[in-house]
Amino acid sequence: MNQQVQSSPSKSIKPLIGMLLLIMTGEGIFFLPFVMVRIFRSTILDLFQLSNFQLGTAFSIYGVTAMLSYFFGGLLADRYAPRRLISIALIMTAVGGIVMSYYPSFQVICLVYGFWGITTILLFWAALIRATRQWGDTDAQGKAFGFLDGGEDW
């Protein structure tokens, strides 16, 4: 008696939906700090009455806080569930976007960019890597990170 067990469609598509969500969050979290400015640079400079130097200063603050956050992000990702860290990071990054919607001063913009350095790197980045590693198990790491990297360039 040779019976083949068919897996249900929901079980075969669930991991793909999980990877799609990881790809979307990996792209989406950087929309506020980077993509908006890349697309609407002149509008943002005019709207917030910033010079290129001031915007560069905000990006520098982001870079310094992000660099420092890399050292501790892995420790957080090892201690807490990636799903929880990713959710918190997305919500907190959105809170920074809400603050930006009130046309803050240059000093507040610098604080928000520093805050984004913490939310996108300390809370999010290592959790994304851990979630991707878990998605791929031990036998599909290359496929998991290939999907993540390829999906972000999509």
Side-chain angles (χ1 to χ4, degrees), residues 15-154:
L16 295 176
I17 291 172
M19 179 52 69
L20 183 62
L21 288 173
L22 288 175
I23 292 167
M24 288 171 41
T25 59
E27 274 300 298
I29 198 160
F30 295 107
F31 185 79
L32 285 171
F34 294 115
V35 178
M36 286 284 290
V37 175
R38 191 178 312 147
I39 295 171
F40 301 111
R41 182 179 197 89
S42 61
T43 303
I44 288 174
L45 291 175
D46 290 342
L47 186 66
F48 293 108
Q49 298 177 347
L50 298 173
S51 67
N52 278 314
F53 179 80
Q54 288 173 314
L55 187 59
T57 301
F59 276 118
S60 296
I61 291 168
Y62 175 89
V64 169
T65 57
M67 182 184 66
L68 295 173
S69 294
Y70 275 114
F71 293 111
F72 304 104
L75 298 172
L76 277 177
D78 286 342
R79 186 174 180 138
Y80 299 102
R83 182 180 298 188
R84 176 171 283 168
L85 288 173
I86 289 170
S87 298
I88 291 168
L90 289 169
I91 291 166
M92 291 178 72
T93 302
V95 167
I98 291 169
V99 170
M100 292 292 283
S101 73
Y102 285 97
Y103 309 109
S105 66
F106 170 65
Q107 291 80 12
V108 175
I109 290 171
C110 288
L111 288 173
V112 169
Y113 268 83
F115 178 73
W116 280 338
I118 293 167
T119 63
T120 60
I121 304 303
L122 177 71
L123 298 175
F124 180 78
W125 190 250
L128 176 70
I129 298 301
R130 181 174 173 209
T132 304
R133 184 173 42 99
Q134 288 174 342
W135 184 90
D137 273 339
T138 56
D139 59 338
Q141 295 291 299
K143 181 169 68 172
F145 285 100
F147 281 150
L148 182 67
D149 193 40
E152 289 177 352
D153 294 335
W154 184 34

Task: Geometric class of the Y113/W116 ring pair [parallel <30°, tilted 30-60°, perpendicular >60°] - done: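 W116 and Y113: perpendicular rings.
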Open item on the list: Ring-plane angle category for F124 and F30, please: parallel below 30°, perpendicular beyond 60°, tilted otherwise.
Closed with: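 Answer is perpendicular, since the angle exceeds 60°.
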Would you call [X] and [Y] a side-chain contact if the rule is heavy atoms closer than 4.5 Å?
X: M100; Y: V108; answer: no
X: T120; Y: Y62; answer: yes
X: L55; Y: R41; answer: yes
X: P33; Y: F59; answer: no

TODO: Would you please test I29 and I86 for side chain to side chain contact (heavy atoms under 4.5 Å, CB included) and show each step?
DONE: CA-CA 10 Å; I29 198 160; I86 289 170; over 6 Å; no
- [ ] Under the side chain to side chain contact (heavy atoms under 4.5 Å, CB included) rule, what do L128 and W125 come out as? Steps first, then yes or no, please.
- [x] CA-CA 5 Å; L128 176 70; W125 190 250; 3.8 Å; yes
Open item on the list: Is it the case that atom CZ in F34 sees more than 12 heavy atoms from other parts of the structure closer than 6.0 Å?
Closed with: yes
How close do [X] and [Y] get, counting heavy atoms only, and between which atoms?
X: Q134; Y: P82; answer: OE1-CG, 3.7 Å
X: F145; Y: R133; answer: CZ-N, 4.0 Å
X: Q49; Y: Q54; answer: O-OE1, 3.8 Å
X: G97; Y: L32; answer: CA-CD1, 3.7 Å
X: L22; Y: A131; answer: CD2-CB, 3.8 Å
X: S69; Y: G117; answer: OG-O, 3.7 Å

Could you measure the distance from the [atom1] atom of [X] to the [atom2] atom of [Y]? Nearest 0.5 Å is fine.
X: L123; Y: S87; atom1: CG; atom2: OG; result: 11.0 Å
X: I88; Y: T119; atom1: CD1; atom2: OG1; result: 11.5 Å
X: T57; Y: L50; atom1: OG1; atom2: CG; result: 9.5 Å
X: F48; Y: T43; atom1: CZ; atom2: OG1; result: 11.0 Å
X: T65; Y: L111; atom1: OG1; atom2: CG; result: 10.5 Å
X: L21; Y: M24; atom1: CG; atom2: CE; result: 6.0 Å

